[in-house]
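Computed from a prediction, not measured in an experiment: that's the story for all the values here. We count residues from 1, following the sequence as given.
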Amino acid sequence: MAQVTAWDAEVDLLVAGAGPGGMAAALVGALEGLEVMVCEKSGQIGGTASTSAGTLWIPGNTQSRRAGYDDSPEQAEIYMDRLVGGTKGRDLRSVYLETGPAAIDYYDTRTDVQFLPCGRHPDYQQNMAGAAVTGRAIVPKPFDGRLLGEDFRLVRPPIGEFMIFGGMMVGKDDIPRLIGRFKSAANFTYSAKLFLRYLSDRLKYPRGTRITMGNALVARLFYSLRKRKVPIRLDTAIRELVREDGRQDGRQDGRVIGAVVDSGGRTLRVRTRKGVVLATGGFAHNRAFRQAFMPQPVPVHSLACETDTGDGLTLAQAAGARIDGDQHRGGAFWTPVSVTRRAGNWRGLFPHLALDRAKPGLIAVNAAGRRFVNEGASYHDFVEAMFDSHKLVPTMPAWLICDSAFVAKYGLGVVHPGTRNLAPHEKSGYLTTAPTLEELARKIGVDPAGLADSVRRHNGFARTGSDLDFGKGDSELNRFNGDPENKPNPCLKPIEAAPFVAVAVWPAEIACSAGLATDADGQVLGESGDPIQGLYACGNDMASIMAGTYPGPGTTLGPALVFAYRVAMHAAGKSDAAGKAMAGREERAAAR
């Protein structure tokens with residue numbers, strides 16, 4: 001641990017990482033009168049959230065209430081108690097639920113980080129008490145990147161698979177209008193305006209400036225910080241924490257009082273009056289941490305930003321911090337991904353979140369050709385089922401099976417709806433086609449008899465409208481992502497129109513769940529369970545309150561912004577919500 005007597009700079013709060021957690025902590029800190037500096041290891045801001053859907057899970061949020069969607073943190077607490085199980089972490093979950101709406105209102109009213117209600121967006125475990133169908137999910141308002149001027153180039157772009165025409169972002173609500181652009185004058189006008197705006201943008205910018213989803217969230221945070229002149233040092237990594245070498249009451253104090261940072265080839269020593277906030281994105285690309293906390297065999301793919309190498313956890317460990325990983329199931333939050341291929345050796349990943357798996361006319365099978373999951377389950381649950389199946393039968397990859405009519409209507413992964421010529425996608429190696437199921441099975445290396453039997457059984461379920469094996473179409477979540485025009489079940493339809501199609505999907509993490517143990521104000525805990533004074537964590541560096549479970553859309557970004565708010569408030573000496581939340585939880589528990 002570094003000992004420093006000469007300082008190059010001094011601030012109240014030093015934030016490591018310019019993802020949503022780090023930028024939110026810096027923003028609230030600045031608004032509360034703190035002098036803040038943000039250090040970002042990469043050359044762009046936004047981290048993994050830049051490529052995400054941008055949803056936040058905030059039960060009881062004001063935005064949804066105003067729109068007429070009733071919900072309460074009390075019901076959400078019942079739901080989370082059932083989902084997570086046990087008492088471990090309940091205090092932090094309670095604090096999150098109590099603080100969430102107020103934290104979002106703080107951003108919404110005092111900054112340019114503003115949100116819209118999603119309305120109907122079901123929780124992912126509808127069979128559990130306290131689950132909701134509406135009111136808990138919010139998304140950032142779309143953002144005009146032109147407001148950032150030249151700084152727009154500093155916002156990490158979304159993955160190429162989330163853009164069309166080489167750089168135009170589209171949100172979920174845009175897709176049906178773009179697909180149906182020739183079906184109505186309104187759709188055509190809407191689509192034409194988007195395209196003309198994009199063409200105009202490309203005269204000056206490297207991509208479209210109408211940005212949505214997670215890209216809009218990080219851009220709004222960045223814009224808000226710029227307006228308040230909060231310094232953000234890019235290409236700057238924290239190398240060491242500096243702790244105070246003093247004693248209080250006969251024991252080692254050990255307060256974190258600064259950090260040594262590498263910035264543009266220079267080493268700087270930054271003193272902190274209030275603390276250091278670790279928000280470096282988690283351990284996604286740290287091999288040792290992956291081996292320690294993820295399932296075996298360790299998944300090879302990750303959707304996390306490539307600079308998320310566990311810096312925050314490593315720094316905190318050196319300061320005596322405790323990593324909470326044992327109670328986090330697979331250590332991360334998961335989605336199935338397909339591997340995309342383009343010109344040259346470029347490869348990418350497409351997350352199969354919601355656009356294809358729940359649609360009618362698709363099944364997922366393992367190497368035995370057998371279904372192993374309700375295909376319309378949440379992306380996290382789908383991958384957990386892959387892990388379970390793989391213990392008995394190879395399921396990495398699993399295969400999404402459908403027919404050409406399905407692809408033409410709904411699309412499949414990166415293959416857009418309306419596509420009828422699959423040859424280019426097959427030539428690239430993205431998907432496989434065959435005139436018969438037997439030939440398709442042989443091409444992809446699964447058991448032909450098993451696949452034929454699975455399709456035959458599925459087709460029978462499709463005709464009756466009831467999936468007796470896995471219940472596809474039974475849950476509110478399934479139906480939400482299915483096709484309401486398909487009867488009698490919006491998620492079931494026979495697979496029968498040759499050629500037949502297969503795409504391989506692999507497990508990949510969206511974010512880490514295991515991380516640094518903290519208290520309700522984001523103070524990092526030592527091995528003794530006591531806070532390490534002057535050291536905070538939020539975002540994916542902080543052990544998730546969800547403990548490896550996935551309650552609904554926005555499971556990672558919701559806690560990131562809420563605990564960033566609590567971190568900054570505590571550093572500013574204004575944290576009193578924790579006690580109120582604890583009292584409220586105890587009162588509700590007694591009432592139940």
Contacts of Ala53 meeting side chain to side chain contact (heavy atoms under 4.5 Å, CB included) (sequence neighbours excluded), chain-then-number -> Thr55
Keeping to residues at least two apart or across chains, list the salt bridge (Lys or Arg N to Asp or Glu O under 4.0 Å) pairs with something in residues 12-24.
-> Asp12-Arg273
Mind checking what makes side chain to side chain contact (heavy atoms under 4.5 Å, CB included) contact with Pro531, not counting sequence neighbours?
-> Asp519, Gln523, Leu525, Gln533
Stepwise side-chain hydrogen bond (donor to acceptor under 3.5 Å, both in side chains) test for Lys141 and Thr212 | CA-CA 7 Å; Lys141 290 182 179 179; Thr212 62; over 6 Å; no
Only counting residues at least two apart or in another chain, list the ones meeting side-chain hydrogen bond (donor to acceptor under 3.5 Å, both in side chains) with Asp388.
-> none
Ion pair Glu32/Lys574, N-O distance below 4.0 Å | yes
Evaluate the side-chain contact (heavy atoms from CB on, under 4.5 Å) criterion for residues Asp467 and Asn374: first the C-alpha distance (whole Å), next the side-chain angles of each, then the deciding distance (0.1 Å), finally the verdict.
-> CA-CA 9 Å; Asp467 177 6; Asn374 175 341; 5.6 Å; no
Does Thr134 have any side-chain hydrogen bond (donor to acceptor under 3.5 Å, both in side chains) partners at least two apart in sequence or in another chain, and if so, which?
-> none
Ser378 versus Leu477, closest heavy-atom pair with distance = N-CD2, 3.8 Å
Lys/Arg N to Asp/Glu carboxylate O, Glu77 vs Arg90, below 4.0 Å | no
Going by atom types only, do Asn540 and Asp308 share a side-chain donor-acceptor pair under 3.5 Å?
-> no
Can any side-chain N or O of Thr395 pair as donor or acceptor with the backbone N or O of Ala398 at less than 3.5 Å?
-> no
Verify, without hydrogens or angle tests, whether Arg479 (side chain) and Pro490 (backbone) share a donor-acceptor contact under 3.5 angstrom.
-> no
Decide yes or no on side-chain contact (heavy atoms from CB on, under 4.5 Å) for Leu148 and Phe222, but give the supporting numbers first.
-> CA-CA 9 Å; Leu148 286 167; Phe222 186 37; 3.9 Å; yes
Interatomic distance, CD1@Ile211 vs CE@Met213, rounded to 0.5 Å, equals 10.5 Å
Which salt bridge (Lys or Arg N to Asp or Glu O under 4.0 Å) pairs, counting each pair once, include a residue from residues 372-381, with sequence neighbours left out?
-> Arg371-Glu375
Sequence neighbours excluded, the answer for side-chain hydrogen bond (donor to acceptor under 3.5 Å, both in side chains) partners of Arg228 is none
For Ala30 against Val230, the heavy-atom pair lying closest together = CB-CG2, 3.6 Å
Spacing of CD belonging to Gln125 relative to CE belonging to Met128, to within rounding of 0.5 Å = 5.0 Å
Can a salt bridge be assigned to the pair Asp483 and Lys359 using a cut-off of 4.0 Å between side-chain N and carboxylate O?
-> no
Are Ser94 and Asp91 close enough, and set up right, to give a side-chain hydrogen bond (donor to acceptor under 3.5 Å, both in side chains), and what steps lead you there?
-> CA-CA 5 Å; Ser94 180; Asp91 291 346; over 6 Å; no
How long is the gap from CG on Leu362 to OH on Tyr410, to the nearest 0.5 Å?
-> 11.0 Å
Exam field: side chain Ser544 to backbone Met546, donor-acceptor pair closer than 3.5 Å = yes
For His570, what residues pass the ring-ring contact (aromatic ring centres under 6.0 Å, His included) criterion, not counting sequence neighbours?
-> Tyr536
Can you tell me if Arg136 and Ser64 form a side-chain donor-acceptor pair at under 3.5 Å?
-> no
Phe470 and Phe372 aromatic centres sub-6.0 Å = no
Salt-bridge present (Arg93, Glu98; N to O < 4.0 Å) | no
Is the gap between the ring centers of His380 and Phe382 under 6.0 Å?
-> no
What pairs meet the salt bridge (Lys or Arg N to Asp or Glu O under 4.0 Å) rule with one or both residues in residues 523-544, with sequence neighbours excluded?
-> none
So, for Met294 and Ala332, which heavy atoms are closest and what is the spacing to 0.1 Å?
-> CE-CB, 4.1 Å
Test item: Asp324 side-chain N/O and Ala517 main-chain N/O as donor-acceptor pair under 3.5 Å | no
Test item: Thr51 and Leu303 side chains (from C-beta on) under 4.5 Å apart, heavy atoms | no
How far apart are the closest heavy atoms of Ser575 and Asp521, and which atoms are they?
-> OG-OD1, 2.7 Å
Tyr379 and Tyr124: side chain donor to acceptor below 3.5 Å | yes
Can you check side-chain contact (heavy atoms from CB on, under 4.5 Å) on Tyr550 and Arg329, steps first, answer last?
-> CA-CA 11 Å; Tyr550 216 105; Arg329 292 166 60 148; over 6 Å; no
Could you walk me through whether Leu557 and Ser52 pass the side-chain contact (heavy atoms from CB on, under 4.5 Å) test, one step at a time?
-> CA-CA 9 Å; Leu557 288 177; Ser52 74; 3.8 Å; yes
Does Cys305 offer a backbone N or O that forms a donor-acceptor pair with the side chain of Thr48 under 3.5 Å?
-> yes
So, His328 versus Ser513: side-chain donor-acceptor pair below 3.5 Å or not?
-> yes
Within the distance-only criterion (no hydrogens, no angle test), does the side chain of Arg65 pair as donor or acceptor with the backbone N or O of Asp71 below 3.5 angstrom?
-> yes
Taking the six-membered ring of Phe480 (Phe, Tyr or Trp), confirm whether the NZ or CZ of Arg120 is under 6.0 Å from its centre and within 45° of its axis.
-> no
Do the side chain of Asn489 and the main chain of Lys472 share a donor and acceptor less than 3.5 angstrom apart?
-> yes
Scan side-chain atoms only and decide if Thr314 and Asp311 contain a donor-acceptor pair under the 3.5 Å cut-off.
-> no
With sequence neighbours excluded, residues passing side chain to side chain contact (heavy atoms under 4.5 Å, CB included) with Ala508 = His301, Val337
For Gln126, check side chain to side chain contact (heavy atoms under 4.5 Å, CB included) against everything at least two apart and list the hits.
-> Pro122, Asp123, Ala131, Val133, Glu476
For the pair Asp105 and Arg110, find out whether any cationic side-chain nitrogen is under 4.0 Å from an anionic carboxylate oxygen.
-> no
Steps toward side-chain hydrogen bond (donor to acceptor under 3.5 Å, both in side chains) verdict (Thr309, Asn286) | CA-CA 5 Å; Thr309 54; Asn286 182 298; over 6 Å; no
Would you check if the side chain of Ser389 reaches a backbone N or O of Met386 as a donor-acceptor pair within less than 3.5 Å?
-> no
Phe350 vs His352 aromatic rings, parallel, tilted or perpendicular, using cut-offs 30° and 60°?
-> perpendicular
Salt-bridged, Arg220 to Asp112, with N to O below 4.0 Å?
-> no
Closest non-hydrogen atoms of Ala564 and Gly21, given as atom of the first, atom of the second and distance, are CB-O, 3.4 Å
Can you name the side-chain hydrogen bond (donor to acceptor under 3.5 Å, both in side chains) partners of Glu40, sequence neighbours left out?
-> Ser42
